Each structure stands twice: as C-alpha cells, then as structure tokens.
J.: 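Dropping the structure in here first, questions after.
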Amino acid sequence: MQEALQPNRPLAAAGPSGTEPQKVLRSRVEAHSLVSLWDNMEDVVSSTTEKFVPHVWRWDDIREVLMAAGDIVSLEEADRRALILANPGVFPKYFTTNNLYVAYQLVRPGETAAVHRHTPSASRFVLEGNGGYTVVEGEKCPMQRGDLILTPQGTWHDHGNDGEAPAIWVDVLDLPIVDHQGAIHFDFVYGEADHGGGEPIRKYSQSIRTEIGYSTSLYGTGGMQPAYVDSKRGDGIGSPQFVYPWEATYAALNRLRDHEGSPFDGIVLRYTDPTTGGPISPTMDFTVQLLRAGEATKSHRHTSSTSYTCIQGSGETIVDGQVMSWGENDTFVLPSWCWHSHQNHSATEDAILYAVSDLPISVKLGLYREQAEGEPDGAWRGRPGTYERRQ
Ligand code: GTQ
C-alpha cells in the first residue's frame, strides 16, 4: 500500500529563532522595513479573513436603537440614518464580512435624505413601512415590505417617506472591496437645469422623470426586454431594473415549492440582471430562499461570504458546529469557507431568507471553490463551483 503524501516541509519549520548569524541577519532585514518570508511563512500564507466570525444581529435590538436614533439624530445632520452591522471579529472596522457592508436604515414620516451617488454598488431590502421610497436616476421606487431596490454604482439616489409610519430597510453594499481597491468615491453635488433649461442648479432631491413602475414594466417580465430603450442607466455596471417587487418574488417561490430544490438551500432563486442573465451587481449576488416546513439542508462550504436576513418564519443555521437561531428581520452572517446548513424546525410554517453574497468576486477571479459534506478535499481544498455552468 502506498503511504499518504506528506508535506515537503512543515510550515514555519525554521520559525523566528535560528542561529546567531540568522538573528543578526533578521535585525538587518527589519531595519529596512523588510520582512523575511522564511521566518514568517505561516503568517504570510494564512488568511486574515478568518477573523470574520459568524454572528446574528437581532431585529428587536436594532429596531429599538434605530428608533431612538430617530428622535436624537436628524437627517440634516446624519445624511443617512443607518446602523452598520459591524462584525465582532474585526471591530472597530465596520465591515460585516470581508466584502460586504450591511446596515439597517430608518427614514421617518415626512423626512428626505439628500441625493448622492457613489462607486460602491448598493441595495435595499424593505422590512417596514409603506410610504418609504428611493428615487434612482429620476425613477421614484416605492418601498413595500419584501421589495428589493437597487442603486447600482454611479446612480444618483435619494430617499424619502410619504407615509405615516417609519420606513426601515436593510442596506447591503460592496464597500469593503471597493475600499481595498482604493476606489471609494462619493459625489454629493447634484444639479439639474430648471424647466426652462439653462445652467444646472444644485438640488437636494432629484426631480421625478419617469412613471412609477418604469423599471418593472420595462424589465420585470421574464424572458422579455424592451428593444427600444438604452438599458444603460447611470454611469457604472449594474442591472437597469431597479425594483424587484416582493409580489413577484413570493409568487415565484410559491410556484416552485413542490420542486426538490437545492440540497443546500431549498427553493433558491437568484435575482438577475435582465440584460445579462447574471447577478444584478458586479460584486454581489442576491438570492431568496424558501425553506419549507421541516426542511433541513445538507451542509456545504464555499469561498464566498453571505449576509442573510430572515423575511418570514424562523429557523437555525449551523455554522462550523455553532447553532445560530434566527427569526423575522434578524440578520446573520456566514464568513467565507465555513460549513453551514439550514433548518426550518416548524411543522407548518415556511421560512424565507434573503441572502446577499460576494460570489461574483470569487467567480470572476477564478477563486470559487465549494465542498459538500462528505466530499473529499480535492484540488485546492474543494472543487471548482458549478455556479458558472448554472448561469
Ligand atoms: O442610503 O445611500 O448604509 O450611501 C451607506 C451608504 C446607505 C444610502 C448606507 C449610503 C447609503
């Protein structure tokens, strides 16, 4: 029988001790802002993203503090009244996963948040209220519970609330990767020419330029696209459909509920850019998944991190052996390359999760790997993902 392969050399075998000449050499090296690879192999090849931990943020806690902030912090002072879900593993850095920034935002009745645009891609998933809205590139997008509203990179956007109740939603942005790339730019100066034309005048909010429902009437019918408009909206990359209404999402989940679905995610649907069929943002993948009463998924892991918000029901996600229980409007995060499986313990009720991951980054860079429970490690710890083939 053949012996199992052994590593050529255990990592960091040399370690930071060594002979006298090696120690003298180390001080010479360090005096010039240099570091030797041979003394620090283990640090150099280990992953700093392992510091991100799985965590659950509770809706009751967030809502209470957010409502208190509503009384104390005005939108004129705050620009955006949002509470960031700061991963405890990297605190005080305010990232939620290595590539995702997640926050809960409140706009009170009658308030407006000033128009701006930026290089990060942004999204809002609506939890509460029925008079909230976001204006994206002149399109007013009303915000009802379960709606997904996109403000792709480079699109002007402002928020408001015409209703009687607070509007609260979950923001997910790709801020951390844009930051790593040294590419964060925000533009706060917006101008429009007045009705008669002439020079642009600075404005706090955008004028409405389309009818309500423009996005979904143009792009919201699967398999059909308007051939008479320029589908580039804003100056970046992203879906021209800015609104994905809950009604359509929920109907699609229900239509498919008798399918077997994914062994790892149940009935999982991807939000797509109608012009490409791919994810709706260059860096983030958006999905919604139905875990039927009593459903328990198989465990797997992959090289992408995910933020999940529970939209309906309750359940548990087991991450590397740690049980994370969640209920309506809670958000929990799954760091990259952690084993995870989901369970809906209810005998009668559905559970629905809204999930945003950084999968497109891994796929574009050729770094996507996945591994199912019971599968051997294979090449590069895992196997190349099936994601591209499913596209
Ligand atoms: O609503 O435009 O949570 O620009 C972070 C940055 C929300 C927004 C955030 C933003 C916004």
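Everything quoted here is computed from the prediction, not taken from an experiment. Atoms within each ligand, like the ligands themselves, are counted from 1 in listed order.
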J.: Look at the rings of Tyr368 and His302 and say which category their plane angle falls in: under 30° parallel, 30 to 60° tilted, over 60° perpendicular.
T.: tilted
J.: Centroid separation under 6.0 Å, is that true for the rings of His159 and Tyr133?
T.: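 Distance test on ring centres: not under 6.0 Å, no.
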J.: Testing the basics here: between Thr155 and Gly234, what is the closest heavy-atom pair and its distance to 0.1 Å?
T.: CG2-CA, 3.9 Å
J.: So His300 and His340, would you call those rings parallel, tilted or perpendicular, with 30° and 60° as cut-offs?
T.: tilted
J.: Quick check on ligand 1: any N or O pairs to the protein under 3.5 Å? One line per pair.
T.:
from, atom 1, to, atom 2, distance (Å)
ligand 1, 1 (O), Arg80, NE, 2.9
ligand 1, 1 (O), Gln105, NE2, 3.1
ligand 1, 1 (O), Arg124, NH1, 3.0
ligand 1, 1 (O), His159, NE2, 2.7
ligand 1, 2 (O), Arg80, NE, 2.9
ligand 1, 2 (O), Arg80, NH2, 3.4
ligand 1, 2 (O), His116, NE2, 2.9
ligand 1, 2 (O), His157, NE2, 2.9
ligand 1, 3 (O), Tyr101, OH, 2.8
ligand 1, 3 (O), Asp171, OD2, 2.8
ligand 1, 4 (O), His116, NE2, 2.8
ligand 1, 4 (O), His118, NE2, 3.0

J.: Any salt bridge (charged side-chain N to carboxylate O under 4.0 Å, His left out) involving residues 186-196? Give me the pairs, sequence neighbours left out, ordered by first then second residue.
T.: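 Qualifying pairs, neighbours excluded: Arg117-Asp187, Asp194-Lys203.
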J.: Checking side chain to side chain donor-acceptor pair (under 3.5 Å) for the pair Glu295/Asn344: CA distance, chi angles, key distance, verdict?
T.: CA-CA 5 Å; Glu295 185 160 3; Asn344 174 2; over 6 Å; no
